[in-house]
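Order of listing sets the numbers, starting from 1, for every ligand and every atom in it. Here the structure is a predicted model, which is why all the values come from computation and not from measurement.
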Amino acid sequence: MIEAELAGLVGPVPEAMIYAAKGGKALRAFLALETARLHGVSPQGAAHAAAAIECIHAYSLIHDDLPCMDDDDLRRGQPTVHKRWDEATAVLAGDALQALAFELLGRLECADAAKVDLVLTLAQAAGVRGMVGGQAADIAAETADVPLTLDQIIALQAGKTGALISWAALVGPRMVRADQAALRIYGDCLGLAFQIADDVLDVTGDAVLVGKAVGKDAAAGKATFVSLLGLDGAKRRAEDLVTQACDALSGYGDDAETLKDAARFVTARTH
Ligand code: GRG
(Lines give C-alpha, C1' and ligand atoms only; values in the text may rest on other atoms or scores of the structure.)
Protein backbone atom coordinates (compact mmCIF):
# COMPACT_ATOMS: atom_id res chain seq x y z
CA MET A 1 0.00 0.00 0.00
CA ILE A 2 2.80 2.45 0.89
CA GLU A 3 4.50 1.58 -2.42
CA ALA A 4 1.26 2.34 -4.28
CA GLU A 5 0.92 5.66 -2.43
CA LEU A 6 4.38 6.72 -3.59
CA ALA A 7 4.06 5.41 -7.17
CA GLY A 8 5.59 7.77 -9.67
CA LEU A 9 7.84 9.53 -7.16
CA VAL A 10 11.55 9.17 -7.85
CA GLY A 11 14.63 9.92 -5.77
CA PRO A 12 16.28 8.63 -2.63
CA VAL A 13 13.62 9.75 -0.12
CA PRO A 14 10.59 7.93 -1.63
CA GLU A 15 12.82 4.93 -2.42
CA ALA A 16 14.04 4.85 1.19
CA MET A 17 10.45 5.16 2.47
CA ILE A 18 9.37 2.12 0.45
CA TYR A 19 12.51 0.19 1.47
CA ALA A 20 11.90 0.91 5.17
CA ALA A 21 8.24 -0.06 5.03
CA LYS A 22 9.01 -3.50 3.56
CA GLY A 23 10.15 -6.77 5.08
CA GLY A 24 8.70 -6.53 8.57
CA LYS A 25 6.16 -8.76 10.27
CA ALA A 26 3.43 -6.11 9.84
CA LEU A 27 2.11 -6.96 13.31
CA ARG A 28 0.63 -3.49 13.83
CA ALA A 29 -1.14 -3.51 10.44
CA PHE A 30 -2.48 -6.98 11.25
CA LEU A 31 -3.86 -5.73 14.59
CA ALA A 32 -5.55 -2.79 12.88
CA LEU A 33 -7.13 -4.98 10.17
CA GLU A 34 -8.20 -7.76 12.53
CA THR A 35 -9.76 -5.50 15.14
CA ALA A 36 -11.53 -3.69 12.29
CA ARG A 37 -12.86 -7.03 11.01
CA LEU A 38 -14.10 -7.86 14.52
CA HIS A 39 -16.17 -4.67 14.31
CA GLY A 40 -17.56 -5.26 10.84
CA VAL A 41 -15.09 -3.05 8.94
CA SER A 42 -13.67 -4.56 5.71
CA PRO A 43 -9.93 -4.77 5.01
CA GLN A 44 -10.38 -2.08 2.35
CA GLY A 45 -12.19 0.13 4.88
CA ALA A 46 -9.36 -0.11 7.40
CA ALA A 47 -6.44 -0.23 4.93
CA HIS A 48 -5.43 3.41 5.45
CA ALA A 49 -5.31 2.97 9.23
CA ALA A 50 -3.20 -0.19 8.85
CA ALA A 51 -0.81 1.57 6.47
CA ALA A 52 -0.67 4.63 8.74
CA ILE A 53 0.53 2.68 11.77
CA GLU A 54 3.14 0.85 9.67
CA CYS A 55 4.37 4.25 8.39
CA ILE A 56 4.89 5.47 11.96
CA HIS A 57 6.56 2.19 12.91
CA ALA A 58 8.89 2.31 9.87
CA TYR A 59 9.82 5.94 10.62
CA SER A 60 10.64 5.02 14.23
CA LEU A 61 12.93 2.19 13.14
CA ILE A 62 14.77 4.39 10.60
CA HIS A 63 15.41 7.07 13.22
CA ASP A 64 16.20 4.55 15.98
CA ASP A 65 18.93 3.03 13.78
CA LEU A 66 20.69 6.39 13.22
CA PRO A 67 24.17 6.91 14.68
CA CYS A 68 22.79 9.50 17.13
CA MET A 69 20.41 6.88 18.56
CA ASP A 70 21.02 3.12 18.50
CA ASP A 71 23.59 3.25 15.69
CA ASP A 72 22.70 0.03 13.88
CA ASP A 73 23.94 -1.17 10.50
CA LEU A 74 21.35 -3.92 10.00
CA ARG A 75 17.58 -3.99 10.19
CA ARG A 76 15.43 -6.89 8.99
CA GLY A 77 18.64 -8.47 7.70
CA GLN A 78 19.30 -5.53 5.35
CA PRO A 79 21.48 -2.42 5.63
CA THR A 80 19.73 0.29 7.65
CA VAL A 81 18.49 3.30 5.67
CA HIS A 82 21.39 5.59 6.61
CA LYS A 83 23.84 2.84 5.56
CA ARG A 84 22.05 2.09 2.28
CA TRP A 85 21.70 5.84 1.50
CA ASP A 86 22.95 8.46 3.98
CA GLU A 87 21.87 10.14 7.24
CA ALA A 88 20.06 13.06 5.59
CA THR A 89 17.98 10.65 3.50
CA ALA A 90 17.23 8.57 6.61
CA VAL A 91 16.03 11.59 8.60
CA LEU A 92 13.89 12.85 5.71
CA ALA A 93 12.42 9.43 4.88
CA GLY A 94 11.40 9.04 8.55
CA ASP A 95 9.90 12.54 8.62
CA ALA A 96 7.98 11.91 5.40
CA LEU A 97 6.66 8.55 6.61
CA GLN A 98 5.33 10.26 9.72
CA ALA A 99 3.58 12.91 7.63
CA LEU A 100 2.22 10.25 5.25
CA ALA A 101 0.68 8.39 8.21
CA PHE A 102 -1.51 11.37 9.06
CA GLU A 103 -2.34 12.02 5.39
CA LEU A 104 -3.56 8.41 5.12
CA LEU A 105 -5.70 8.73 8.25
CA GLY A 106 -7.18 11.92 6.85
CA ARG A 107 -8.34 9.90 3.83
CA LEU A 108 -9.89 7.11 5.90
CA GLU A 109 -13.57 6.57 5.11
CA CYS A 110 -15.38 6.67 8.43
CA ALA A 111 -17.44 9.13 10.46
CA ASP A 112 -15.67 12.46 11.03
CA ALA A 113 -15.70 12.01 14.82
CA ALA A 114 -14.00 8.61 14.48
CA LYS A 115 -11.41 10.05 12.12
CA VAL A 116 -10.57 12.91 14.46
CA ASP A 117 -10.25 10.42 17.33
CA LEU A 118 -7.88 8.22 15.28
CA VAL A 119 -5.72 11.21 14.26
CA LEU A 120 -5.59 12.60 17.79
CA THR A 121 -4.80 9.30 19.45
CA LEU A 122 -2.13 8.35 16.89
CA ALA A 123 -0.46 11.73 17.43
CA GLN A 124 -0.50 11.06 21.19
CA ALA A 125 0.79 7.49 20.79
CA ALA A 126 3.64 8.56 18.50
CA GLY A 127 4.54 11.73 20.37
CA VAL A 128 6.10 12.86 23.60
CA ARG A 129 3.38 11.17 25.70
CA GLY A 130 4.02 7.91 23.83
CA MET A 131 6.80 6.55 21.63
CA VAL A 132 9.06 9.63 21.53
CA GLY A 133 8.72 10.09 25.29
CA GLY A 134 9.62 6.44 25.87
CA GLN A 135 12.59 6.65 23.53
CA ALA A 136 13.82 9.82 25.30
CA ALA A 137 13.53 8.10 28.69
CA ASP A 138 15.43 5.10 27.33
CA ILE A 139 18.25 7.31 26.06
CA ALA A 140 18.39 9.19 29.38
CA ALA A 141 18.59 5.88 31.27
CA GLU A 142 21.78 4.96 29.42
CA THR A 143 23.73 7.67 31.23
CA ALA A 144 21.77 7.76 34.52
CA ASP A 145 23.67 7.03 37.75
CA VAL A 146 21.01 4.67 39.06
CA PRO A 147 19.55 1.85 36.92
CA LEU A 148 15.80 1.96 36.26
CA THR A 149 13.42 0.00 38.46
CA LEU A 150 11.00 -2.54 37.01
CA ASP A 151 8.07 -0.10 37.28
CA GLN A 152 10.09 2.59 35.52
CA ILE A 153 10.97 0.19 32.70
CA ILE A 154 7.33 -0.84 32.36
CA ALA A 155 6.30 2.83 32.08
CA LEU A 156 9.09 3.59 29.61
CA GLN A 157 8.23 0.62 27.40
CA ALA A 158 4.50 1.38 27.50
CA GLY A 159 5.49 4.54 25.61
CA LYS A 160 8.38 3.39 23.46
CA THR A 161 6.91 0.14 22.15
CA GLY A 162 3.47 -0.27 23.70
CA ALA A 163 1.75 2.92 22.54
CA LEU A 164 1.77 2.03 18.82
CA ILE A 165 0.72 -1.57 19.46
CA SER A 166 -2.12 -0.43 21.74
CA TRP A 167 -3.26 2.11 19.15
CA ALA A 168 -3.30 -0.55 16.42
CA ALA A 169 -5.41 -2.84 18.62
CA LEU A 170 -8.03 -0.10 19.05
CA VAL A 171 -8.49 0.76 15.37
CA GLY A 172 -11.61 -1.45 15.07
CA PRO A 173 -13.62 -0.07 17.99
CA ARG A 174 -12.44 3.48 17.28
CA MET A 175 -13.58 3.33 13.63
CA VAL A 176 -17.14 2.44 14.62
CA ARG A 177 -17.17 4.16 18.04
CA ALA A 178 -17.64 0.84 19.90
CA ASP A 179 -16.56 -0.10 23.42
CA GLN A 180 -12.76 -0.27 23.70
CA ALA A 181 -12.32 -1.93 27.11
CA ALA A 182 -11.47 -5.50 26.04
CA LEU A 183 -9.12 -4.52 23.24
CA ARG A 184 -7.45 -1.95 25.46
CA ILE A 185 -6.45 -4.71 27.89
CA TYR A 186 -5.45 -6.94 24.96
CA GLY A 187 -3.29 -4.22 23.35
CA ASP A 188 -1.63 -3.09 26.57
CA CYS A 189 -0.77 -6.68 27.62
CA LEU A 190 0.41 -7.54 24.11
CA GLY A 191 2.61 -4.44 23.93
CA LEU A 192 4.36 -5.28 27.17
CA ALA A 193 4.70 -8.98 26.28
CA PHE A 194 6.18 -7.90 22.93
CA GLN A 195 8.85 -5.77 24.60
CA ILE A 196 9.71 -8.48 27.12
CA ALA A 197 10.06 -10.95 24.21
CA ASP A 198 12.34 -8.40 22.51
CA ASP A 199 14.56 -8.27 25.61
CA VAL A 200 14.60 -12.09 25.71
CA LEU A 201 15.56 -12.20 22.02
CA ASP A 202 18.38 -9.76 22.70
CA VAL A 203 19.84 -12.44 24.99
CA THR A 204 18.83 -15.71 23.32
CA GLY A 205 18.22 -14.67 19.70
CA ASP A 206 20.26 -15.46 16.63
CA ALA A 207 21.36 -12.24 14.89
CA VAL A 208 20.69 -13.78 11.46
CA LEU A 209 17.11 -14.73 12.36
CA VAL A 210 16.45 -11.52 14.31
CA GLY A 211 17.82 -9.52 11.38
CA LYS A 212 19.78 -7.08 13.56
CA ALA A 213 22.57 -7.11 16.12
CA VAL A 214 21.74 -8.88 19.40
CA GLY A 215 23.36 -8.67 22.86
CA LYS A 216 23.47 -4.87 22.72
CA ASP A 217 21.51 -4.29 25.94
CA ALA A 218 23.78 -6.48 28.06
CA ALA A 219 26.89 -4.99 26.44
CA ALA A 220 25.60 -1.51 27.32
CA GLY A 221 24.85 -2.64 30.90
CA LYS A 222 21.21 -1.59 30.43
CA ALA A 223 18.49 -2.59 32.91
CA THR A 224 16.02 -4.73 30.96
CA PHE A 225 13.21 -7.15 31.81
CA VAL A 226 15.80 -9.95 31.60
CA SER A 227 18.33 -8.24 33.87
CA LEU A 228 15.59 -7.48 36.44
CA LEU A 229 13.48 -10.66 36.27
CA GLY A 230 16.03 -13.19 35.02
CA LEU A 231 15.59 -15.04 31.74
CA ASP A 232 13.00 -17.52 33.02
CA GLY A 233 11.19 -14.85 35.03
CA ALA A 234 10.97 -12.61 31.97
CA LYS A 235 9.64 -15.46 29.82
CA ARG A 236 7.04 -16.33 32.49
CA ARG A 237 5.93 -12.69 32.75
CA ALA A 238 5.51 -12.52 28.96
CA GLU A 239 3.47 -15.76 28.96
CA ASP A 240 1.23 -14.41 31.76
CA LEU A 241 0.62 -11.25 29.79
CA VAL A 242 -0.30 -13.27 26.69
CA THR A 243 -2.80 -15.26 28.78
CA GLN A 244 -4.30 -12.00 30.10
CA ALA A 245 -4.46 -10.61 26.55
CA CYS A 246 -6.28 -13.72 25.28
CA ASP A 247 -8.65 -13.85 28.27
CA ALA A 248 -9.66 -10.23 27.64
CA LEU A 249 -11.05 -11.29 24.24
CA SER A 250 -13.46 -13.91 25.61
CA GLY A 251 -16.49 -11.73 24.77
CA TYR A 252 -15.64 -11.88 21.05
CA GLY A 253 -15.86 -15.72 20.97
CA ASP A 254 -14.25 -17.67 18.11
CA ASP A 255 -14.04 -14.53 15.99
CA ALA A 256 -11.01 -13.44 18.02
CA GLU A 257 -8.94 -16.62 17.47
CA THR A 258 -6.56 -14.91 15.02
CA LEU A 259 -5.85 -12.14 17.53
CA LYS A 260 -5.17 -14.76 20.19
CA ASP A 261 -2.81 -16.57 17.78
CA ALA A 262 -1.00 -13.26 17.21
CA ALA A 263 -0.56 -12.82 20.96
CA ARG A 264 0.89 -16.34 21.27
CA PHE A 265 3.20 -15.66 18.31
CA VAL A 266 4.65 -12.61 20.05
CA THR A 267 6.31 -14.71 22.75
CA ALA A 268 7.11 -17.69 20.49
CA ARG A 269 8.78 -15.59 17.79
CA THR A 270 12.43 -15.91 16.79
CA HIS A 271 12.52 -12.52 15.00
C1 GRG B 1 13.12 7.07 17.04
C2 GRG B 1 11.14 8.29 18.04
C3 GRG B 1 11.91 7.05 17.87
C4 GRG B 1 11.48 5.96 18.47
C5 GRG B 1 12.08 4.66 18.33
C6 GRG B 1 10.44 1.70 18.15
C7 GRG B 1 11.61 2.37 18.76
C8 GRG B 1 11.41 3.72 19.28
C9 GRG B 1 12.79 1.80 18.79
C10 GRG B 1 13.06 0.51 18.22
C11 GRG B 1 13.97 -0.22 19.11
C12 GRG B 1 13.46 -1.53 19.32
C13 GRG B 1 14.10 -2.61 18.52
C14 GRG B 1 12.46 -1.73 20.18
C15 GRG B 1 11.93 -3.05 20.44
C16 GRG B 1 10.54 -3.24 20.00
C17 GRG B 1 10.41 -3.05 18.55
C18 GRG B 1 9.71 -1.84 18.12
C19 GRG B 1 10.88 -3.96 17.69
C20 GRG B 1 10.69 -3.91 16.24
O21 GRG B 1 9.34 -4.17 15.95
P22 GRG B 1 8.92 -5.43 15.09
O23 GRG B 1 9.58 -6.67 15.62
O24 GRG B 1 9.61 -5.06 13.71
O25 GRG B 1 7.44 -5.46 14.95
P26 GRG B 1 9.31 -5.55 12.23
O27 GRG B 1 10.65 -5.55 11.57
O28 GRG B 1 8.70 -6.92 12.25
O29 GRG B 1 8.38 -4.53 11.66
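Proximity to Q195 (heavy-atom distance under 4.0 Å) selects the following atoms of ligand 1: 15 (C), 16 (C). Listed by number with element, the atoms of ligand 1 under 4.0 angstrom from any heavy atom of D64 are 1 (C), 5 (C), 9 (C), 10 (C), 11 (C). Ligand 1 places these atoms under 4.0 Å from at least one heavy atom of V132: 2 (C). Those atoms of ligand 1 that come under 4.0 Å of a heavy atom in G24, given as number and element, are 26 (P), 27 (O), 28 (O), 29 (O). Per-residue contacts place T161 under 4.0 angstrom from the following atoms of ligand 1 (heavy atoms of the residue considered): 16 (C). Shown in contact with H63 at under 4.0 Å from a heavy atom are these atoms of ligand 1, numbered in order with element: 1 (C). Taking a cut-off of under 4.0 Å to the non-hydrogen atoms of Y59, the atoms of ligand 1 that pass are 2 (C). With ligand atoms numbered from 1 in the order given, ligand 1 contributes 1 (C), 4 (C), 5 (C), 6 (C) to contacts under 4.0 Å with heavy atoms of S60.
Where the criterion is an N or O separation shorter than 3.5 Å, residue side chain and backbone included, R76 meets it with respect to ligand 1. Residue contacts with ligand 1: K25 is placed with a nitrogen or oxygen under 3.5 Å of a nitrogen or oxygen of the ligand (distance criterion only).
Using a 4.0 Å cut-off between charged side-chain N and carboxylate O, K235 and E239 make no salt bridge. Between D117 and R177, at least one side-chain nitrogen of the basic residue sits less than 4.0 Å from a carboxylate oxygen of the acidic one, meeting the salt-bridge criterion. A salt bridge links D64 with R75: at least one charged nitrogen is closer than 4.0 Å to a carboxylate oxygen.
Judged by the 6.0 Å distance and 45° axis criteria, R37 is not positioned over the aromatic ring of Y252.
Counting heavy-atom neighbours within 6.0 Å of R28 CZ, excluding the residue itself, gives a total above 12.
Here the closest heavy-atom approach between residue A20 and residue I62 is recorded as CB-CD1, 3.4 Å.
There is no side-chain donor-acceptor pair under 3.5 Å between D240 and Q244.
Counting heavy atoms closer than 4.0 Å to ligand 1, residue L27 contributes nothing at all.
At least one heavy atom of R28 sits closer than 4.0 Å to an atom of ligand 1.
Hydrophobic clustering, with ILVMFWY side chains joined whenever heavy atoms are under 4.5 angstrom apart, groups Y19 together with Y59.
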